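Residue numbers start at 1 and run along the sequence shown. This is a predicted model, so every value here is computed, not measured.
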Amino acid sequence: NESYLRGVQVTNASGQVTFTTIVPGCYEGRYPHIHFEVFSSTATATNGGYALLTSQMAIPSAVCTDVYTNASGYSSSLARFNRTSISSDGIFGDNSAAQIEQQTLTMSGDITNGYTATVLVGVAR
């Protein structure tokens with residue numbers, strides 16, 4: 001009965017979609033990140049079909065520090081985050097600095113007004 005913040009949205013005619021979510025908490029052994037998948041159709045996405053792309057984006061360190069230090073509900077995330085680095089992460093850590101930069105969201109905003117991130121994802125077909 002839990003969705004773990006998962007959802008399905010359909011892009012507009014320009015291939016754009018907007019999600020509203022939270023900054024994810026930090027769990028042991030993983031750098032904070034958001035997973036996403038791209039499907040060829042809504043039916044494929046909702047019927048267990050294969051994704052065209054499965055990936056994840058890292059949350060910027062400064063955003064994690066700000067949220068985990070100052071927002072309610074993240075008390076255990078700060079200690080885990082302080083023991084974690086993007087280079088020690090089992091997924092991100094296999095990438096070059098340039099690849100990690102590409103996989104890290106650029107975010108603006110603050111805790112009071114919320115954060116915004118925009119990502120351009122290319123999918124070969």
Side-chain angles (χ1 to χ4, degrees):
N1 293 328
E2 293 186 35
S3 68
Y4 299 99
L5 299 174
R6 289 173 171 85
V8 176
Q9 290 198 25
V10 178
T11 61
N12 65 19
S14 299
Q16 298 173 327
V17 65
T18 299
F19 286 90
T20 300
T21 189
I22 63 169
V23 171
C26 184
Y27 57 91
E28 204 63 52
R30 286 302 317 272
Y31 188 85
H33 60 280
I34 296 174
H35 290 270
F36 68 93
E37 295 180 306
V38 177
F39 292 89
S40 60
S41 68
T42 305
T44 303
T46 57
N47 291 324
Y50 292 102
L52 298 172
L53 173 68
T54 300
S55 193
Q56 59 191 322
M57 300 298 292
I59 308 300
S61 177
V63 172
C64 294
T65 299
D66 188 31
V67 170
Y68 300 160
T69 301
N70 299 308
S72 63
Y74 290 94
S75 58
S76 60
S77 287
L78 182 60
R80 286 192 290 267
F81 180 67
N82 287 333
R83 293 190 300 267
T84 305
S85 71
I86 199 163
S87 61
S88 69
D89 182 274
I91 306 299
F92 292 117
D94 291 343
N95 294 294
S96 69
Q99 289 169 319
I100 290 172
E101 183 179 347
Q102 285 289 316
Q103 295 173 51
T104 301
L105 295 168
T106 299
M107 297 175 71
S108 61
D110 56 51
I111 292 172
T112 302
N113 299 301
Y115 289 95
T116 300
T118 301
V119 177
L120 176 63
V121 177
V123 179
R125 295 190 94 194

Side-chain heavy atoms under 4.5 angstrom apart, residues restricted to Ile, Leu, Val, Met, Phe, Trp, Tyr: same cluster for L5 and V23? yes

Closest heavy-atom pair and its distance - V17, F19: CG1-CE1, 3.6 Å

If you round to the nearest 0.5 Å, how far is CD1 of I86 from CD of Q103? 7.5 Å

Please give me the minimum heavy-atom distance between C26 and S77, naming the atom from each residue. N-OG, 3.0 Å

Least distance between heavy atoms, Y31 atom then S85 atom: CD1-C, 3.7 Å

Those residues that, when tested against A79, pass side chain to side chain contact (heavy atoms under 4.5 Å, CB included) (two or more places apart): R83

Taking all heavy atoms of G49 and all of F39, pick out the closest pair and write down the distance. O-CE2, 3.3 Å

Does one side chain, of S76 or R80, offer a donor that lies under 3.5 Å from an acceptor on the other? yes

So does E37 have more than 12 non-hydrogen atoms from other groups sitting under 6.0 Å from CD? yes

Answer yes if I34 and L53 sit in the same cluster of Ile, Leu, Val, Met, Phe, Trp and Tyr residues linked by side chain heavy atoms under 4.5 Å apart, and no otherwise. yes

Residue pair D89 / I91: nearest heavy atoms and the distance that separates them: OD1-N, 2.7 Å

Under 3.5 Å, which donor-acceptor pairs link side chains of residues 111-122 to any protein atom two or more places apart or in another chain?
{"unit_1": "N113", "atom_1": "ND2", "unit_2": "D110", "atom_2": "OD1", "d": "3.2"}
{"unit_1": "N113", "atom_1": "ND2", "unit_2": "D110", "atom_2": "OD2", "d": "3.2"}
{"unit_1": "Y115", "atom_1": "OH", "unit_2": "D66", "atom_2": "OD2", "d": "2.6"}

Contact check, side chains of Q99 and D94, non-hydrogen atoms, under 4.5 Å: no

Test item: L105 and P60 side chains (from C-beta on) under 4.5 Å apart, heavy atoms: yes

For the backbone of T18 and the side chain of Q9, can you confirm whether one donor and one acceptor N or O come within less than 3.5 Å of each other? yes

Taken to the nearest 0.5 Å, the spacing of L78 CG from T65 OG1 works out to 7.0 Å

Please check if M107 and I22 belong to a single hydrophobic cluster, counting links between Ile, Leu, Val, Met, Phe, Trp and Tyr side chain heavy atoms closer than 4.5 Å. yes

ILVMFWY cluster, V123 and M57 together (side-chain gap under 4.5 Å): yes

Note: S41 and T44 closest approach over all heavy atoms is OG-OG1, 2.8 Å

Atom pair CZ/OG1 of F92 and T104 - distance to nearest 0.5 Å: 6.5 Å

